[in-house]
Amino acid sequence: KSMQAQNYSYNPDMSTQTPPMMQSSSPKNQRIALRCSGLVKRFADVTAVNGLDLEVFAGECFGLLGPNGAGKTTTVEILEGLTSADEGTVELLGQHWNSGDQRALRERIGVQLQETQLAEKVTVVETLRLFRSFYKRGHSVDEVIQTVALEEKRNARVGKLSGGQKQRLAVACALVSDPELLFLDE
């Protein structure tokens, strides 16, 4: 089982993605947003991630593709700082998880987990206010609700949302901090 990586450049002023054949494999004068080298993670007798090297540049949309059990979620969790690697290095926005102020680094990233469990009895607006309170800076709750097109559901309880609306709310929770780097796991 193996993973494949796919890069798409993103330009917020354009509504289309740049086709892969039109992209440079290493953009010049562009800041590296994420880099990992020699990433390894083992669980008992299973090696989930085996020597992964990758770079993602600022402005790129990068995806890991592969079959179930290929190590995609494990890789993302290591990059997010939720799981430690057995070997290798991870650098996000010029910082390493094990060097210094992890809180400052967490303030700079947004994360949507593979399975997000939100409190069912609170409203969309209450959920986003809570998540917004975790960060020193960020978008307003109203901006994020509009971004994910949940205006009509702003006062609805999370438990009453459809599956797709819950996913959009999870994305909104990841966006509320105005992250420099955004992780979306499925």
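The structure displayed is predicted, hence computed values, not measured ones.
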For Q165 and K160, run side chain to side chain contact (heavy atoms under 4.5 Å, CB included): C-alpha distance rounded to whole Å, both residues' side-chain angles, the deciding distance at 0.1 Å, then the answer.
CA-CA 9 Å; Q165 290 165 338; K160 298 293 183 183; over 6 Å; no

Student check: side-chain heavy atoms of D142 and E151 closer than 4.5 Å:
no

Backbone N/O of T89 and side chain of H96: donor-acceptor pair under 3.5 Å
no

Mind listing the side-chain donor-acceptor pairs of residues 120-128 below 3.5 Å, one per line with the distance, residues two or more places apart or on another chain?
residue, atom, partner, partner atom, Å
T123, OG1, E126, N, 3.1
T123, OG1, E126, OE1, 3.3
E126, OE1, T123, N, 2.8
T127, OG1, T123, O, 2.9

Joint hydrophobic cluster, L82 plus L184, side-chain heavy atoms closer than 4.5 Å:
no

Polar side-chain atom of E143 near backbone of S140 as donor-acceptor pair, under 3.5 Å
yes

Are any side-chain N or O atoms of R129 and backbone N or O atoms of V141, one a donor and one an acceptor, separated by less than 3.5 Å?
no

Side-chain heavy atoms nearer than 4.5 Å, only ILVMFWY residues, links allowed to pass through others: does that put L175 and I109 together?
no

Any residue meeting side-chain contact (heavy atoms from CB on, under 4.5 Å) with A156, in chain and number order, not counting sequence neighbours
K153, L161

For residues 32-42, which side-chain donor-acceptor pairs fall under 3.5 Å, sequence neighbours excluded?
residue, atom, partner, partner atom, Å
R35, NE, E55, OE2, 3.0
R35, NH2, E55, OE2, 3.2
K41, NZ, S84, O, 3.0
R42, NH1, E87, OE2, 3.4
R42, NH2, E87, OE2, 2.8

Are V90 and F62 connected into the same hydrophobic cluster when the rule is that any two of I, L, V, M, F, W, Y join if their side-chain heavy atoms are below 4.5 Å apart?
yes

Can you tell me how far CD of E91 sits from CG of L105, rounded to the nearest 0.5 angstrom?
10.0 Å

Note, R31 side chain near E180 side chain (heavy atom, < 4.5 Å)
yes

For the CD atom on Q102, are there more than 12 heavy atoms of other groups (residues, nucleotides or ligands in this structure) within a distance under 6.0 Å?
yes

Any chain of hydrophobic side-chain contacts (each under 4.5 Å) joining L113 to L181?
yes

Using the side chain to side chain contact (heavy atoms under 4.5 Å, CB included) rule, take L169 and V158 through it: C-alpha gap first, then chi angles, then the decisive distance, then the call.
CA-CA 9 Å; L169 179 56; V158 171; 3.7 Å; yes

Nearest-0.5 Å distance that lies between atom SG in C173 and atom CG in L118:
5.0 Å

Ring pair (Phe, Tyr, Trp, His ring centres under 6.0 Å) pairs, two or more places apart, involving residues 134-162
F131-F134

Between W97 and R106, what is the shortest heavy-atom contact and its length?
CH2-NH1, 3.6 Å

K72 side chain to P67 backbone, donor-acceptor under 3.5 Å:
yes

Just to verify, which of T73, L79, T75 counts as forming a side-chain contact (heavy atoms from CB on, under 4.5 Å) with E77?
T73

Using salt bridge (Lys or Arg N to Asp or Glu O under 4.0 Å) as the criterion, list what pairs up with R157, not counting sequence neighbours.
none

Output all residues satisfying salt bridge (Lys or Arg N to Asp or Glu O under 4.0 Å) with E107, sequence neighbours left out; order by chain, then residue number.
R103

Can you hop from V111 to L92 via hydrophobic side chains spaced under 4.5 Å?
yes

Closest approach of A174 to Q112 (non-hydrogen atoms, all atoms of both residues)
CB-N, 3.9 Å

Is there side-chain contact between L54 and L52, with at least one heavy-atom pair below 4.5 Å?
yes

Heavy-atom closest contact (D178 atom, G138 atom, distance):
CB-CA, 4.0 Å

For the residue pair F43 and D45, establish whether any side-chain heavy-atom pair is separated by less than 4.5 Å.
no

